[in-house]
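Heads up: the structure comes next, in structure tokens.
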Amino acid sequence: MTNHLLEIYQILLAEFGPQHWWPAETEFEVIVGALLTQQTRWENVEQAIANLKSESLLTPDALADADRDTIEECIRCTGFYRQKSERLQLLSRHFARNRISGILDKPAGALRAELLSLKGVGYETADSIILYAAHKPVFVIDAYTKRICECINVNGGYEALQRYFEGGLPRDTHLYQEFHALIVRYGKEYCTKKRCDECIIAQSVIV
DNA sequence: CACCAGGTTGACC
DNA sequence: GGTCAACATGGT
């Protein structure tokens, strides 16, 4: 079985260069960012992260004990701020009870199940945390990935697309990190309704 | 003014 | 198994 995934990766890498994702100073910052970026522009998440930092709330213990109103103020700019503040605090309490490294060091399968049991953590958020905070090779499928897959006539739900990527690439954490980052970088710029006809992936790869 | 953004949930079929 | 409205602010 062959596919064109490595070819697409090379095209994107040549076009945009290494992206060095995920932008964050700590593993917990990755986790918080993964929750806050749901259906939200990253620039707004950066603002919210900065707000949380200025309130010294960017640790599990601090967020676990913080006033809900204070959290809401910090993250209002990311939208859905009421449900996100609750979910952020529940998640923080989970990571405050146990040690972060103790959780992230678990095998990917067990870690994924544990993350998915948290309210507000679905497939993409869980996999982003596993790939960028725990540094384990699971491929993250987001809205841009789905769109690009449609461009090359690959369709399916989350886990079907994940199997497609993981089955067609070497099982390598760094490759997964860069590839997903490149897909997002590319998708923001070109995979829109207006510019879909300029898609360098569809032009370069015939499936 | 309409539409979209690095989704998830609970309800429903 | 899949689909759908609700969730909410900020940018184009």
Side-chain angles (χ1 to χ4, degrees), chain A residues 8-9 12-13 15-16 18-24 27-52 68-92 94 112-135 138-151 154-165 173 175-196 199 201:
Chain A
I8 293 172
Y9 175 68
L12 294 178
L13 186 61
E15 181 76 13
F16 299 109
Q19 301 298 300
H20 306 298
W21 265 22
W22 187 290
E27 289 164 340
F28 188 63
E29 189 175 322
V30 175
I31 294 166
V32 171
L35 193 295
L36 292 181
T37 199
Q38 292 169 2
Q39 197 63 30
T40 303
R41 294 173 190 281
W42 180 251
E43 301 78 63
N44 295 333
V45 176
E46 285 184 314
Q47 181 60 60
I49 298 264
N51 294 340
L52 290 168
R68 190 67 58 78
D69 292 341
T70 307
I71 302 176
E72 288 187 0
E73 279 179 42
C74 290
I75 71 169
R76 175 167 287 121
C77 57
T78 68
F80 307 124
Y81 64 90
R82 262 175 282 204
Q83 55 178 8
K84 279 181 180 173
S85 64
E86 180 194 4
R87 293 167 180 185
L88 201 50
Q89 189 155 53
L90 292 172
L91 174 153
S92 297
H94 182 84
R112 191 169 199 255
E114 181 171 335
L115 293 170
L116 287 175
S117 74
L118 300 171
K119 187 178 295 186
V121 178
Y123 293 141
E124 185 185 335
T125 306
D127 289 338
S128 295
I129 292 170
I130 297 170
L131 181 61
Y132 292 107
H135 309 289
V138 298
F139 206 92
V140 177
I141 306 297
D142 64 359
Y144 295 122
T145 315
K146 289 171 194 158
R147 279 190 222 164
I148 288 173
C149 282
E150 285 176 24
C151 290
V154 175
N155 297 292
Y158 189 98
E159 305 205 271
L161 292 182
Q162 188 174 51
R163 282 193 295 275
Y164 175 73
F165 277 84
T173 297
L175 170 65
Y176 287 8
Q177 290 175 336
E178 280 297 335
F179 200 172
H180 174 238
L182 283 164
I183 286 171
V184 175
R185 170 69 188 277
Y186 171 80
K188 282 180 180 173
E189 203 164 340
Y190 294 101
C191 212
T192 64
K193 288 174 183 171
K194 293 177 182 174
R195 309 192 66 175
C196 196
C199 182
I201 292 177

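In what follows, chains carry the letters A, B, and so on, assigned in the order in which the sequence lines appear, proteins first and then strands, with residues in each chain numbered from 1.
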Exercise. Can you check whether A:H20's main-chain N or O pairs, donor with acceptor, with A:E178's side chain at less than 3.5 Å?
Worked result: yes
Problem set entry | A:S85 side-chain N/O to A:R82 backbone N/O, donor-acceptor pair under 3.5 Å | yes
Problem set entry | Side-chain donor or acceptor of A:D127 paired with backbone N/O of A:V140 under 3.5 Å | no
For this session: Would you indicate whether the side-chain heavy atoms of A:L52 and A:I75 approach each other to under 4.5 Å?
Result: yes
For this session: Identify whether any heavy atom of A:L118 sits under 4.0 Å from a base atom; if not, whether one sits that close to sugar-phosphate; answer base, sugar-phosphate or nothing.
Result: sugar-phosphate
Problem set entry | All side chain to side chain contact (heavy atoms under 4.5 Å, CB included) counterparts of A:E150, not counting sequence neighbours | A:N155
Problem set entry | Whichever of A:S128 and A:R87 has its nearest DNA chain B nucleotide further upstream toward 5' | A:S128
Exercise. When you measure from every atom of DNA chain B, which of residues 178-190 of chain A have a heavy atom less than 4.0 Å away?
Worked result: A:V184, A:K188
Exercise. Residues two or more places apart in sequence or in another chain: which of them pass side-chain hydrogen bond (donor to acceptor under 3.5 Å, both in side chains) with A:Y132?
Worked result: A:H180
Exercise. Do A:Y164 and A:F139 have ring centroids that are under 6.0 Å from one another?
Worked result: no
Exercise. Quick check: does any side chain N or O of A:K84 sit under 3.5 Å from a backbone N or O of A:Q38, one acting as donor and the other as acceptor?
Worked result: yes
For this session: Write down the distance separating the C1' atoms in C:dG2 and B:dG6, rounded off to the nearest Å.
Result: 23 Å
For this session: Anything under 4.0 Å to a heavy atom of chain A counts; send over the first and last such nucleotide of DNA chain B, read 5' to 3'.
Result: B:dC4 to B:dT9
Exercise. Would a distance-only check, ignoring hydrogens and angles, find a side-chain to backbone donor-acceptor pair under 3.5 Å from A:Y144 to A:C191?
Worked result: no
Seminar exercise, completed: The side-chain hydrogen bond (donor to acceptor under 3.5 Å, both in side chains) partners of A:Q177 (sequence neighbours excluded) come to none
Seminar exercise, completed: Rounding to 0.5 Å, atoms CZ (A:F179) and CG (A:L131) come to a distance of 13.0 Å
For this session: Write down the distance separating the P atoms in B:dG10 and C:dA8, rounded off to the nearest Å.
Result: 14 Å
For this session: At under 4.0 Å between heavy atoms, which parts of nucleotides 6-12 of chain C does protein reach? Answer with one letter per nucleotide, 5' to 3': B base, S sugar-phosphate only, - none.
Result: -BBSBS-
Exercise. How would you label the contact of A:V121 with the nucleic acid (heavy atoms, under 4.0 Å): base, sugar-phosphate, or nothing?
Worked result: sugar-phosphate
